[in-house]
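Down below is the structure, laid out as structure tokens.
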Amino acid sequence: MKYMNLSITELHEKLKNGEVNSNELVKESLELSHQVQEKCNAFVTILDDAKGTDVTDDLLSGIPYGVKDNYSLKNVLSTGSSNTLKDYVPFFTATAVENLTKHGAIPVNKTAMDEFGMGGTGTTGHTGIQKNPWDLTRMCAGSSSGSAVAVASGVYPYALGSDTGDSIRKPAAYCGIVGYKPTYGMISRYGLFAFASSLDHCGVLTRCVRDAAIVVDAMKGKDKYDMTSWDSSKIHLNDDLNDDVKGKKLFYIKELCDIENYENPTDELKSHLENFKETIKKCENLGMIVEGVSIDRKLLDAIPSVYVVISCAEATSNMSNLTGLIFGPRGEGNDYQSIMKDHRTKGFSPLIKRRFVIGSYVLQTENQERYFKNAQRVRRLVVDAIKEQFKNYDALIMPVGTGPAKHLDGSKDILKSDTAALDEHLQIGNFGGFPSITIPNGFIDGLPVGCNITGNCYDDQNVLNIAYALEGSMEYKGQIAGGVK
């Protein structure tokens, strides 16, 4: 019998009753890791020497999982999927991973990603492209691409991700699984390679909402090494998970969800928004109230640009230490400036270089007011607009993206300006630090699609309960990508 396609609670029960032991689970997970690596290129490192642990009453004890390659793991290659750190082995472990270790969880691989988390395609990492297990000609989004592929393929019940714009939640949608980033600071970022510090969130990818609650319960907590972390000890996501959502009020953004707002929409977009309407009906059948609200279209259209300016500016600053002098492969040259130039020229992908150029430009003294500070002001306007709705509604519910996963070659996908806000609206969750979860809500032409639920800061329990109830009304739970089992 295969076990890795089961949920955390199902695995824990089988471990406790002796049907299987931890070493057997680790062995199965490692075997599956190699199979999925051959097919989808999901990993940077597979920890073939991983061993099982004692099984206790802790739900995570003895169960394998994956770690995104931008989490530091002591004495384990941790590259951020970048050539600039292709040989980097940290001397400490990220707090989030340490917390999981205390619960008996077992990391068995480091998952591939877009380089340093800067990308939404799963195509920019130094080890190559991650392919969607539902259709190998499609991307799986990013940057938590390898984690999404592994969980969707049944390698283990969960993997860690990070989310700066939508890097957990969009890969989850494209791969037919659950992706949850909690309120900013609920999980310590100490040991996570910084991309854009005001936007970065730690989180998890799973195949059901309860598993997401279990894992984040174990990861979260105040950390003296992260001044943005906060005390969540009175929040018990799994214990308080329930499907009693009658009377909850949800809203969606009409400008992005009504098909009449798009000129010449694709068949995929039509199907996606029609599917979203069916999801709204399910919410209503559960006793929830769902209403469309209007938000200034100019503000919505500004979201992608604001994200680019702020994230690139913060990335330029955070990654100024990647010089080839402190760590990473040494560049060539006769002085430190030429060594740094050679290291950064050869080490970074074209995408990263473009982002650093943008970040440096908007931070120049003569440009700050026009670009960086204005982007910060618009970010505040976006957050205020959403918070205003949270005065009357429990959560925002939206379709993820414009349909299923895009083609890797891009030749069949036409990107249009009028759909950019729909594709990028998940960035709102990062702008405000809001808790946000994606769950699968159907298929289009055999490919999974997802919907997203976002709530106000610190209201994680409410967001998870809504997602849990909605998930229970659907057949899309615990699903494994076809052909990779």
Side-chain angles (χ1 to χ4, degrees), residues 166 169 172-173 178-184 186 209-210 212-213 216 235-237 240-261 272-297 299-300 303 381-401 421-422 425-442 449-474 476-477:
D166 56 21
R169 294 160 293 155
V178 172
Y180 169 44
K181 75 159 198 69
T183 297
Y184 183 79
M186 180 181 271
V209 174
R210 182 172 291 280
V216 171
I235 296 175
H236 307 286
L237 299 172
D240 294 336
L241 193 66
N242 69 79
D243 59 3
D244 182 13
V245 293
K246 189 174 182 179
K248 298 290 184 184
K249 292 185 67 178
L250 310 181
F251 74 99
Y252 64 88
I253 301 171
K254 292 193 291 186
E255 285 76 10
L256 302 184
C257 297
D258 292 348
I259 193 66
E260 60 266 22
N261 291 323
H272 191 37
L273 294 182
E274 193 62 37
N275 181 70
F276 180 65
K277 286 183 180 179
E278 294 300 315
T279 299
I280 290 175
K281 290 179 183 177
K282 286 183 168 64
C283 291
E284 293 170 338
N285 291 338
L286 290 167
M288 291 188 277
I289 299 164
V290 186
E291 298 174 342
V293 303
S294 285
I295 292 178
D296 187 347
R297 184 67 200 227
L299 202 56
L300 297 171
I303 289 170
L381 292 174
V382 172
V383 172
D384 286 348
I386 299 300
K387 278 186 163 292
E388 186 65 27
Q389 298 302 325
F390 286 148
K391 293 178 181 179
N392 301 311
Y393 297 95
D394 292 286
L396 165 68
I397 184 168
M398 294 286 289
V400 177
L422 179 59
H425 72 81
L426 292 180
Q427 293 163 0
I428 292 171
N430 303 83
F431 287 180
F434 302 132
S436 185
I437 187 168
T438 288
I439 64 172
N441 73 329
V449 291
C451 68
N452 178 264
I453 299 156
T454 297
N456 208 352
C457 290
Y458 313 110
D459 202 15
D460 291 70
Q461 193 69 61
N462 201 25
V463 168
L464 287 183
N465 288 353
I466 292 168
Y468 181 63
L470 184 55
E471 175 189 67
S473 72
M474 300 178 179
Y476 314 113
K477 183 173 78 169

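Computed from a prediction, not measured in an experiment: that's the story for all the values here.
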- Item | Non-hydrogen atoms of Ile428 and Ile386 that approach each other most closely | CG2-CG1, 3.7 Å
- Results of ring pair (Phe, Tyr, Trp, His ring centres under 6.0 Å) for Phe431 - residues two or more places apart only: none
- Item | Contact summary for Val382 and Leu299, nearest pair of heavy atoms | CG2-CG, 3.8 Å
- Count the heavy atoms belonging to other residues, nucleotides or ligands that lie under 6.0 Å from NZ of Lys477, then report whether that count exceeds 12. no
- Query: Donor-acceptor pair, Gln461 side chain versus Asp240 backbone, under 3.5 Å?
  - Reply: yes
- Message: Please check this pair: side chain of Thr183 against backbone of Tyr458, looking for a donor-acceptor N/O pair closer than 3.5 Å.
- Response: yes
- Message: Using every non-hydrogen atom in the two residues, find where Val463 and Thr454 come nearest and quote the distance to one decimal.
- Response: CG2-C, 4.2 Å
- Query: Distance only, no hydrogens: is a donor on one side chain within 3.5 Å (strictly under) of an acceptor on the other, for Asn462 and Asp459?
  - Reply: yes
- Does a salt bridge link Glu284 with Lys281, judged by any charged N lying under 4.0 Å from a carboxylate O? no
Result block: side-chain N/O donor-acceptor pairs under 3.5 angstrom for residues 249-256, not counting sequence neighbours:
| from | atom 1 | to | atom 2 | distance (Å) |
| --- | --- | --- | --- | --- |
| Glu255 | OE1 | Ile295 | N | 3.1 |
| Glu255 | OE2 | Ser294 | OG | 3.0 |

- Could you pull out the closest heavy-atom pair between Leu300 and Ala421, with the gap in Å? O-CB, 3.6 Å
- Task: Specify the closest pair of heavy atoms between Ile466 and Ala395, including all atoms of both residues, with the distance to one decimal.
- Result: CD1-CB, 4.0 Å
- Could you go through the side chain to side chain contact (heavy atoms under 4.5 Å, CB included) check for Asn441 and Lys282 one step at a time? CA-CA 10 Å; Asn441 73 329; Lys282 286 183 168 64; over 6 Å; no
